[in-house]
Amino acid sequence: MSLGQSSPSYARMILASAFNPNASSVSPDRRRLSLRTLLLLLVVTVALPLTALAGLAVWHAHNQARGRAEAEVLGQARTMTALVDREIQRVETGLRALADSSALARGDLAAVDTEMRAMAAQLDGTAIGLGSLDGQLLSTTWPVGSAGRRRRPRRRCTTP
């Protein structure tokens with residue numbers, strides 16, 4: 001067969017030898033693959049690595065998006081934590097100032113009520129209540145002038 005001539009069986013032998021390195025030891029009848037089989041092999045040979053590469057790209061993109069989402073949520077959590085800590089610190093500072101009040105030390109409940117209402121206004125309307133061991137109560141949620149309500153003392157549970 002000359003170089004210019006081509007035949008399907010010659011092309012099959014060439015392609016078969018490309019897929020089988022030991023093709024020279026195989027008889028020509030066993031080396032014959034149909035064109036359909038060769039095309040299928042070509043498609044599978046190209047499609048499998050491309051599918052694996054596409055899957056790897058999707059997996060990588062998913063991991064990157066997940067990492068960004070985790071970082072964003074962590075940043076939001078840290079911001080919220082800082083805000084809550086700041087608010088707690090602010091309320092604690094106000095309550096410590098009320099605890100150190102000279103009016104409270106004197107027992108002047110009307111003055112303590114006034115100081116509590118001023119502190120509640122500074123704390124954006126936060127309700128403040130105060131109770132003593134002898135049953136006197138103050139609260140910023142009650143009407144002005146109702147300072148010093150008394151409550152019944154709780155019964156103490158005694159065990160036999």
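The chain is numbered in sequence order, starting from 1.
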Give, for atom [atom1] of [X] and atom [atom2] of [Y], the distance between the pair rounded to the nearest 0.5 Å.
X	Y	atom1	atom2	result
Leu98	Leu130	CG	CG	8.5 Å
Leu50	Thr45	CG	OG1	11.0 Å
Leu95	Leu123	CG	CG	7.0 Å
Thr114	Leu109	OG1	CG	10.5 Å
Leu39	Leu35	CG	CG	4.5 Å

For [X] and [Y], which heavy atoms make the closest approach, and how far apart are they?
X	Y	result
Ala103	Glu115	CB-OE2, 3.9 Å
Met119	Gly94	SD-CA, 3.4 Å
Leu33	Leu38	CD1-CD2, 3.7 Å

Would you check, one step at a time, whether the test side chain to side chain contact (heavy atoms under 4.5 Å, CB included) holds for Thr126 with Arg90?
CA-CA 11 Å; Thr126 302; Arg90 192 173 79 126; 5.5 Å; no
Other residues, nucleotides and ligands only: do more than 12 of their heavy atoms fall within 6.0 Å of CZ on Arg106?
yes
Going by chain and number, the hydrophobic cluster around Leu40 (ILVMFWY, side chain to side chain under 4.5 Å) further includes Val44, Leu48
May I ask you to decide whether Arg117 forms a salt bridge with Asp113, counting only side-chain N to carboxylate O separations under 4.0 Å?
yes
Anything under 3.5 Å between a donor and an acceptor, one on a side chain of residues 61-78, the other on a protein residue two or more places apart or in another chain? List them.
from, atom 1, to, atom 2, distance (Å)
Gln64, NE2, His60, NE2, 3.3
Arg66, NE, Glu70, OE2, 3.3

